[in-house]
There are 2 protein chains.
Amino acid sequence: MGITKSEHFTDEQNELATLAKAIGHPARIAIIQHLIKVNSCVCGDIVNELPLAQPTVSQHLKELKNAGLIKGNFEGASICYCLNEEGFEKIKGFFKNINDYLENKKNQCC
Amino acid sequence: MGITKSEHFTDEQNELATLAKAIGHPARIAIIQHLIKVNSCVCGDIVNELPLAQPTVSQHLKELKNAGLIKGNFEGASICYCLNEEGFEKIKGFFKNINDYLENKKNQCC
DNA sequence: TATTTATATTGCAATATTACGATAATAAAA
DNA sequence: TTTTATTATCGTAATATTGCAATATAAATA
C-alpha cells in the first residue's frame, strides 16, 4: 500500500527510520559530504555541485532540514546551510549499540 | 520522476544511500533491534514480534539481506537470521567522519 | 519602485515502496 | 508419499518519492 504503519512502532523506531530515510539518497549523501568539506554553503553552490536542477536540490535540502540533519540561516539574499548536530546525535546512539554488539557477539547461527 | 539518477553519483555515495535507505523503515529498525536482543532468530519470530503479515516481514528481511545488513542460514525448515557485520562496517566510516567533523567544527554560519 | 538574484513552491509524470491475500516452494515429520 | 511447518514469491492496490518546468516569493540593489 506504500503506506508505512508507523503507528504500530515506537517513537524511537519511527524517528530513527525518518533520519535514516533522509540520508538514504545519493544526492543527500553528496550534500552532507559537501557540507563537511566546505563547512557551510548556500543552495546555489550545491546546485553547481550536483547534476540536479535547482528545484530538486531545494527539495532534498528541505527533506534534510525536516529530518533535523541540516539547518539554514538567512545570509543576505541567500540561505547558508550547514550540518545540524542534533539530528546526527540521535543516530549516533543507535549505531553505537550495533557496533558494541557486533564487537562482542558470540554463538551466532551465521 | 521517482527514478533516482544514481549514475550521476559515486559508487560510495550510492552504496551509503542504499544502506541508509534499507535502515530507513521502522519495521526494519525493529528487526535490527530484535536481532541485537536475541542474537539470532527465524522469520516466524519476527512475524510474532511485529504488527505485520508474514509476506511483509519476509519482504523487509529480503531488503535488509540485499543491502548486506543481515544474513540468513538454513536451520532445518527455518532460516536463522542475524546481523551482517559487513554492511554495518561500511556505514561506520561515514558516521565516524561526520562525528569527527561535528566535534571539531568552528566558524559555521548557523 | 523596478530589476536582479536566490530560493521555495506548485503541479505533474514516471517510478518506487509498502502491505497483504493467495499461492508456491522447500524441508522435516508422520 | 502425504502432511505439516516455514519462508518466499506473485499480483495488485494504495501511497510515496524523485525530478523538473513553470512560477512564486523574498531580499538586495540599482
Side-chain angles (χ1 to χ4, degrees), chain A residues 1-9 13-14 17-31 35 40-67 70-82 109-110, chain B residues 1-9 13-14 17-31 35 40-67 70-82 109-110:
Chain A
M1 301 178 181
I3 184 166
T4 297
K5 299 170 91 181
S6 51
E7 70 278 11
H8 292 141
F9 297 98
Q13 286 164 345
N14 284 317
T18 299
L19 288 162
K21 197 173 173 183
I23 299 175
H25 190 287
R28 296 193 290 265
I29 294 273
I31 290 172
L35 283 176
S40 68
C41 69
V42 299
C43 175
D45 296 337
I46 298 171
V47 173
N48 291 334
E49 278 288 315
L50 302 192
L52 296 171
Q54 181 269 323
T56 309
V57 170
S58 184
Q59 196 174 263
H60 283 305
L61 287 170
K62 189 179 174 185
E63 281 177 59
L64 286 169
K65 201 168 146 208
N66 286 345
I70 66 171
K71 44 188 173 176
N73 271 356
F74 284 91
E75 192 175 77
S78 308
I79 294 176
C80 175
Y81 284 104
C82 61
C109 65
C110 21
Chain B
M1 301 176 178
I3 184 167
T4 296
K5 299 169 94 183
S6 50
E7 72 277 11
H8 291 141
F9 298 97
Q13 286 163 345
N14 284 317
T18 298
L19 288 161
K21 197 173 174 184
I23 299 175
H25 190 287
R28 297 194 287 266
I29 294 274
I31 290 172
L35 283 176
S40 68
C41 69
V42 299
C43 173
D45 296 336
I46 298 170
V47 173
N48 291 333
E49 278 288 316
L50 301 192
L52 297 170
Q54 181 269 323
T56 308
V57 170
S58 184
Q59 196 173 262
H60 282 306
L61 287 170
K62 189 180 173 185
E63 281 176 60
L64 286 169
K65 202 169 145 206
N66 285 345
I70 65 171
K71 44 188 174 177
N73 271 356
F74 283 91
E75 192 175 78
S78 307
I79 294 177
C80 176
Y81 284 103
C82 61
C109 65
C110 22

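Lettering follows sequence order; numbering is per chain, from 1.
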Exercise. Between A:Pro55 and B:His60, just flag the one whose closest nucleotide in DNA chain C comes earlier from the 5' side.
Key: A:Pro55

Quiz item: Is any side-chain N or O of A:Tyr81 closer than 4.0 Å to OP1 or OP2 of C:dA8?
Solution: yes

Quiz item: Quick one: salt bridge (charged side-chain N to carboxylate O under 4.0 Å, His left out) partners of B:Glu49, sequence neighbours excluded?
Solution: none

Quiz item: Roughly how many Å is it from CD1 in B:Ile3 to C1' in C:dA13, rounded to a whole number?
Solution: 12 Å

Quiz prompt | Heavy-atom pair of closest approach, residues A:Ile31 and A:Leu50 | solution = CG1-CD1, 3.8 Å

Practice problem: Could you list all the side chain to side chain donor-acceptor pair (under 3.5 Å) pairs where at least one residue sits in residues 53-63 of chain B, not counting sequence neighbours? | Solution: B:Arg28-B:His60, B:Arg28-B:Glu63

Self-check item: Closest to the A:Gln59 side chain, choosing from D:dC20, C:dA8, D:dT7
Solution: D:dC20

Quiz item: Can you tell me how far NZ of B:Lys21 sits from CG of B:Asn14, rounded to the nearest 0.5 angstrom?
Solution: 10.5 Å

Quiz item: Side-chain N or O of A:Lys62 less than 4.0 angstrom from OP1 or OP2 on C:dT7?
Solution: no

Self-check item: Spacing of A:Asn48 atom CG and A:Cys43 atom SG [to the nearest 0.5 Å]
Solution: 9.5 Å

Quiz item: Could you run down nucleotides 23-30 of chain C 5' to 3' and tag each one B, S or - for protein heavy-atom contact under 4.0 Å?
Solution: -----S--

Exercise. Could you state the atom-to-atom distance from CD of A:Glu63 to C1' of C:dA8 in whole Å?
Key: 14 Å

Quiz item: Among all residues two or more places apart in sequence or in another chain, which pass the side-chain contact (heavy atoms from CB on, under 4.5 Å) test with A:Lys65?
Solution: A:Ile70, A:Tyr81

Quiz prompt | Strand-adjacent residues in residues 20-31 of chain B, judged by heavy atoms under 4.0 Å from DNA chain C | solution = B:Lys21, B:His25, B:Arg28

Quiz item: What integer distance in Å separates B:Phe9:CZ from D:dG19:C1'?
Solution: 11 Å

Exercise. Give B:Val42 one of three labels, base, sugar-phosphate or nothing, depending on what nucleic acid heavy atoms sit under 4.0 Å from its own.
Key: sugar-phosphate

Quiz item: Does a side-chain N or O from B:Ser58 land closer than 4.0 Å to OP1 or OP2 of D:dA8, or not?
Solution: yes

Self-check item: Selected nucleotide, minimal atom distance to B:Leu52 side chain, candidates C:dT9, D:dG19, C:dA19
Solution: C:dA19

Self-check item: Closest to side chain of B:Ser78, choosing from C:dC20, D:dT7, D:dG19
Solution: D:dT7

Exercise. From the options C:dC20, D:dA8, C:dT9, select the nucleotide whose nearest atom is closest to the side chain of A:Lys5.
Key: C:dC20

Exercise. Name the closest nucleotide to the A:Thr4 side chain, picking from D:dA21, C:dA19, C:dT9.
Key: C:dA19

Exercise. Under 4.0 Å between any heavy atoms, over every strand shown, what does B:Val47 touch: base, sugar-phosphate, or nothing? Just pick one.
Key: nothing

Quiz prompt | Residues in side-chain hydrogen bond (donor to acceptor under 3.5 Å, both in side chains) contact with A:Thr4, at least two apart in sequence or another chain | solution = B:His25

